[in-house]
Amino acid sequence: MRVETDATLARAEAEREKRSVTVIHGDDGMSSLIAYIPSHMATAIERRLYKAARSLEKDNRTLEQKQADLLVYWA
């Protein structure tokens, strides 16, 4: 069992070396921001965005739009 755990940790460390951010620009004035980051960090960001977006005053934006706006504001 320990050998399997060591192999898993080695694969995770190798993947962390590939962390990156990519921006893909679209033709419609919108872009995609892709971050290849450790899952625990992505989960923390996801939870923080969700919680903050839910706490905003009601307006005509969807929850997803509020999360996108918050991400841009925080960056």
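Linking ILVMFWY side-chain heavy atoms closer than 4.5 Å, directly or via other members, places Val21 and Trp74 in a single hydrophobic cluster. Under the 4.5 Å side-chain heavy-atom criterion for grouping Ile, Leu, Val, Met, Phe, Trp and Tyr, Leu63 is not connected to Tyr73 through any hydrophobic cluster.
Leu70 and Ala53 make their closest contact through CD1-N, 3.5 Å (heavy atoms, listed as atom of the first residue, atom of the second, distance). The two residues Lys66 and Lys58 have their closest heavy-atom pair at NZ-CA, 4.1 Å.
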Can I get a per-line list of side-chain donor-acceptor pairs under 3.5 Å for residues 28-51, giving both atom names and the distance, sequence neighbours left out?
| from | atom 1 | to | atom 2 | distance (Å) |
| --- | --- | --- | --- | --- |
| Asp28 | OD1 | Met30 | N | 3.1 |
| Ser31 | OG | His25 | ND1 | 2.9 |
| Tyr36 | OH | Glu15 | OE1 | 2.4 |
| Thr43 | OG1 | Ser39 | O | 2.9 |

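The CZ atom of Arg16 sits 12.5 Å away from the NZ atom of Lys18 when rounded to the nearest 0.5 Å.
Under the rule for a side-chain contact (heavy atoms from CB on, under 4.5 Å), Asn60 has no partner lying at least two apart in sequence or in another chain. In terms of the side-chain hydrogen bond (donor to acceptor under 3.5 Å, both in side chains) criterion, Glu57 has no residue partners (sequence neighbours excluded).
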Q. Where do Gln67 and Thr62 land on the side chain to side chain contact (heavy atoms under 4.5 Å, CB included) test, with the steps shown first?
A. CA-CA 9 Å; Gln67 289 174 319; Thr62 66; over 6 Å; no

